[in-house]
Amino acid sequence: MSKLATMKEAMSRFVCDGDTVAMEGFTHLIPFAAAHELIRQRRRNLTLVRLTPDLIFDQMVAAGCARKLIFSWAGNPGVGPLHAVRRALEQQQPAPLEFEEYSHFGLALRFQAAAANVPFLPTRNFAGSDLVRVNPNVKPVTCPHTGEELWSVPALAPDVAILHAQRADEDGNTQVWGLVGVHKEVAFAARRVVVIVEEIVSQELIRRDPNRTLIPGFRVDAVVCEPFGAHPSYVQGYYDRDNEFYVRWDEISRVPQSLAAYLDKWVYGVADRQEYCRRVGDALERLRGRPVLCEPVNYGY
Amino acid sequence: MSKLATMKEAMSRFVCDGDTVAMEGFTHLIPFAAAHELIRQRRRNLTLVRLTPDLIFDQMVAAGCARKLIFSWAGNPGVGPLHAVRRALEQQQPAPLEFEEYSHFGLALRFQAAAANVPFLPTRNFAGSDLVRVNPNVKPVTCPHTGEELWSVPALAPDVAILHAQRADEDGNTQVWGLVGVHKEVAFAARRVVVIVEEIVSQELIRRDPNRTLIPGFRVDAVVCEPFGAHPSYVQGYYDRDNEFYVRWDEISRVPQSLAAYLDKWVYGVADRQEYCRRVGDALERLRGRPVLCEPVNYGY
Amino acid sequence: MPDFTTQEVMVTTAARMLRDGEVVFVGIGIPNLAVNLARRTRCPNLVLIYESGAIGARPSRLPLSIGDSVLVTGALGVCSMPETFQYYLQRGLIDVGFLGGAQVDRFGNLNTTVIGDYHRPKARLPGSGGACEIAALARRVLIVMNHKLRSFPERVDFITSPGYLDGGNARQRLGLPGGGPAAVITDLGVLRFAPDTREMVLESLHPGATLEQVQENTGWKLHVASPLRTTESPTDEELHVLREELIPPGGAR
Amino acid sequence: MPDFTTQEVMVTTAARMLRDGEVVFVGIGIPNLAVNLARRTRCPNLVLIYESGAIGARPSRLPLSIGDSVLVTGALGVCSMPETFQYYLQRGLIDVGFLGGAQVDRFGNLNTTVIGDYHRPKARLPGSGGACEIAALARRVLIVMNHKLRSFPERVDFITSPGYLDGGNARQRLGLPGGGPAAVITDLGVLRFAPDTREMVLESLHPGATLEQVQENTGWKLHVASPLRTTESPTDEELHVLREELIPPGGAR
């Protein structure tokens, strides 16, 4: 049964004020179009969860969507700091921002525990790190078989997961390649799942390569077809990261005024991602790479 | 660095008497050729580990290779019981056989724990089952975060994993599609890993579809190229299960004499898998299916 | 004589216990036929999952095992077994699981492990496979078995897969997430479990079966619903799909 | 003046600390250059893994981040991040991890979290990312940083990534599986850790650097090896690979 929706519909229907929202994608597949729609819809008091807040949460924090941040590395990858997040954490500007901090492993493991529906998972990580001192969610656990002392993190089940992918069918059967990050764990951890894709394909195409399917349709509440929906991040095989923008963001976000001006022009100032794309113009097409196709494999019997 | 080896070399070099040997593959990719070589080399006192002992362990038990069996479902799938395993468990014939029994989930989780190098993993399974009464390895554990009582299993790290796959390069970078069972977990859980493949392909081909790689070469100690090495089980895209043989095995294995005669003719009576294949003859070619190719995906940037 | 077989009654009865859109853990044999029948009739959106990891399978012939290659070709997805058990079953995403066994008792506990003593068995059976976790974690379980006295003891020799244990709220007390057995479909009739005691109750007899047959083949004094209904016969449409589409003349059974 | 840059010395020095066949967790910048230099010279069988999940990457240009698309095209494999951390790092398969930070102290503890008090920070830094687990779980760690007084305090403000903690056998007492930092490569020299106390010891000065410079930029009285060596200069071959192959004229840095 078709789960196709517009971005407006999907965000208003499946993301509520006060929700815990995981918007994942490690450098790859960051759902910027969804974030911009949530900013336009003035969603408030969200607990935003990502390993790497990246520009997407820098923008949402600056726009006032967030009450709390759960993260493990808050920087502009390969460029510098996240100025809006830093202003919120250091000077409570524009508003105080609660936060909860892990390492990548720790936060990924919280998603995995929720996906598996166990209340915790054990790890050999964390010993000696001050993270355990400042984060009471990292607790010791004793192995009932060997008596070893390990550390553990609790499950984290977001109210909603927003995940970008290369393609899906109308039912939401979603295929991803390239870096997969924690996409699968988040999709199974969350109560509701919204998938945004570069293209909707026939179920026949999905069925021709079942090992490529990362999220089964019955786990998905809505599928949004939004080409270039991950810009300025990238989608393997579709377009590369707009690194110039990541570098430019350092300037834009350095003071609240220029950041506000950016939001006015590129988020509030456009109706949707299509208008955003028209405004970005040819620069988008220049991000398209040369095709590098894999060889088909045989699923016959 | 090439890890190519013949089956004889790989089995004599990496499997020692007394080892704990995981030979996985759920219906799909069962490494029969490796088992036959181990029988020919008269390997002894092995602890054999598989979710489904299947015909492969029925044969190894009858041949006297096994001291102990660790399993979760000991039957001839879709046909009936495993007569040799039953004789060993019920009548200690030809010799007593120790065993340790789980559910599929429990045994899969033991592999996963070892792959992750944690001494245990928790589960909501097992409550109320007599499995916890007869298997002291299934122990309760309390969640340090919620106080919930769960059950847990200890890590199981085999001395050697023997895994069949569709293809690998000479370095052992291994690609699998179709049912993957617990292949990845076993490959990371084991101390040594031997991969048997239908074909050796160029590293370029592997690199054209990195998401298809299930086992990285540096985890692999030896790669054996053995076409039809999984017969009478199947390899998706290469040949289907020889179901007639699975049915015939019920007859063959019903009494020790006919089973011994089978081993004499088809295992001891052949030098290697190539001779076995020549002896099986055209029946093998009839198991080849029609090709059903997937569409290539684009890895460009 | 009715113009349908007992197996056809069992299949259609099981098929009618499924709701459209449900996610079903499928086995081979009768459950496989029941799920595919339901999908082709009342439940077009049923999602089939096999514990082997095949999701949304569209088998072009009847699978000979739960790991059959036909379950992969044209499937919607494939996942590893640790994922199947953790992200699907333990996650609570499986609505219905089908189980059978050598023995089922008055509280729906199932034995597929041993007849007699565990360490000195009269007969050693295959063991749990995925049955224990399906019984523990699926939202509800449908049990399909032939009704024989040796298969319906008052107490199973070994609880491989927990039903309602000693009855009442024993499952909740042990913290079992799944809902437990919803019904037992045999070759003689349909049995359900009393909401309070969780003891098996004969709900309906298949056409041609008698209460005496059922009681003779049950190892304890069986509770009987009143009125005791007759299981609805397969419809012509169901029989057509079953005979022409699922078990094509000469097709594997 | 030597005909090579300080960065080139840092890169070649780091590259020489790798052994052929090792599995290396790579970052961007100097570690990326060092690993690729080693692979093209003494260590053809080095395996590169990025915490993003790219395995055996063969980047056609310098990656701009550890999640860069060029790390995937033509890679040997891709795995999920939970797998990277559990099946590779925690499993003990990573021989070498590269780390840096805002602060490193005399026992090799690293801070990438905050300057000042955690709850009222003078400066809020990005945080751990994968650094904490690399420090805890990699068989050995190579630290690459610029040598500045503010970056080399006697005690870091916050231990994001454990080095030798309070020194001695503190790591073993806490059951940390990884071996801890093997060396610190700065823009002035190379420092290692005393086998017993695990305190940092200046082992060599880069060509042109002085002991005074190093001490002035270190927040505690630094132990110095005797004899204090001079770091070996890059060879012509190393410089050629570095300049012509890794940083093609006009190529991104």
Side-chain angles (χ1 to χ4, degrees), chain A residues 109 113 116-124 136-137 139-148 150-155 166-167 175-180 201 204-205 207-212 214 234-241 287-301, chain B residues 109 113 116-124 136-137 139-148 150-155 166-167 175-180 201 204-205 207-212 214 234-241 287-301:
Chain A
L109 204 57
N117 188 29
V118 285
F120 77 101
L121 281 172
T123 170
R124 296 185 187 277
N137 270 346
K139 289 189 191 326
V141 63
T142 305
C143 173
H145 301 269
T146 64
E148 284 171 277
L150 290 88
W151 290 89
S152 72
V153 291
Q166 277 97 345
R167 66 190 185 190
Q175 299 191 324
V176 178
W177 57 95
L179 300 179
V180 295
V201 296
E204 287 318 300
L205 184 66
R207 288 184 178 275
R208 286 177 65 179
D209 198 352
N211 287 88
R212 200 77 80 183
L214 200 75
Y234 76 98
V235 177
Q236 197 83 41
Y238 289 76
Y239 47 91
D240 203 357
R241 185 166 99 143
L287 294 169
R288 288 197 190 279
R290 60 189 161 82
V292 180
L293 298 183
C294 69
E295 283 295 311
V297 302
N298 181 0
Y299 277 96
Y301 58 86
Chain B
L109 203 58
N117 187 29
V118 285
F120 78 100
L121 280 172
T123 171
R124 295 185 189 276
N137 270 347
K139 290 190 193 321
V141 63
T142 304
C143 173
H145 302 268
T146 63
E148 283 171 279
L150 287 88
W151 290 89
S152 72
V153 291
Q166 277 98 343
R167 66 189 188 190
Q175 298 190 326
V176 178
W177 57 96
L179 300 179
V180 295
V201 296
E204 287 317 301
L205 184 67
R207 287 185 180 274
R208 286 176 64 179
D209 198 353
N211 288 86
R212 201 77 80 183
L214 200 74
Y234 75 98
V235 177
Q236 197 83 41
Y238 289 76
Y239 46 89
D240 203 358
R241 184 166 101 143
L287 294 170
R288 288 196 190 279
R290 60 191 162 81
V292 180
L293 299 183
C294 70
E295 284 293 311
V297 300
N298 180 1
Y299 277 97
Y301 57 86

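Computation of the quantities below employed the complete heavy-atom set of this structure, encompassing side-chain atoms and omitting hydrogens, waters and symmetry-equivalent molecules. Residue numbering restarts at 1 for every chain, and letters A, B, ... go by the order of the sequence lines.
Heavy-atom pairs under 4.5 Å with chain B were tallied for Pro136(A), Ser152(A), Ala116(A); the largest tally goes to Ser152(A). Options Gln236(A), Arg290(A), Arg212(A), Gln175(A) differ in how many heavy-atom pairs under 4.5 Å they form with chain B, and the most are formed by Arg212(A). The choice from Gly289(B), Cys294(B), Pro296(B) that makes the most heavy-atom pairs within less than 4.5 Å of chain A is Cys294(B). Taking chain A as the reference chain and counting heavy-atom pairs below 4.5 Å, the highest number among Val180(B), Thr123(B), Asn117(B) is found for Asn117(B). Of the listed residues (His145(B), Lys139(B), Arg208(B)), the greatest number of heavy-atom pairs within a distance under 4.5 Å of chain A belongs to His145(B). Annotation: maximal heavy-atom pairing with chain B below 4.5 Å, among Val176(A), Leu287(A), Thr146(A), Val153(A), occurs at Val153(A). When the candidates Pro122(A), Pro291(A), Ala155(A), Pro119(A) are compared by the number of heavy-atom contacts under 4.5 Å with chain B, Pro119(A) comes out ahead. Your options are Arg288(B), Arg124(B), Arg167(B), and the one with the most heavy-atom pairs under 4.5 Å with chain A is Arg124(B).
For Tyr239(A), no part sits under 4.5 Å from any heavy atom of chain B, backbone or side chain. Both the backbone and the side chain of Leu293(A) come within less than 4.5 Å of a heavy atom in chain B. Contact annotation for Pro210(A): neither backbone nor side-chain heavy atoms come within less than 4.5 Å of a heavy atom of chain B.
If you take OH on Tyr301(A) and CZ on Arg241(B), they are separated by 14.5 Å, rounding to the nearest 0.5 Å. The CG atom of Asp209(A) sits 9.5 Å away from atom CD of Glu295(B), with the distance rounded to the nearest 0.5 Å.
Considering only heavy atoms from C-beta on, Pro154(B) stays 4.5 Å or farther from Cys143(A) through its side chain. Side-chain atoms of Gln166(B) and Val297(A), non-hydrogen and from C-beta on, never get closer than 4.5 Å to each other.
The minimum heavy-atom distance linking Asn298(B) with Val292(A) is given by the pair OD1-N, 2.9 Å. Nearest heavy-atom pair across Val141(A) and Phe120(B) is CG2-CZ, 4.2 Å.
Every side chain to side chain contact (heavy atoms under 4.5 Å, CB included) that Pro140(A) has, sequence neighbours left out, goes to Glu149(A), Trp151(A).
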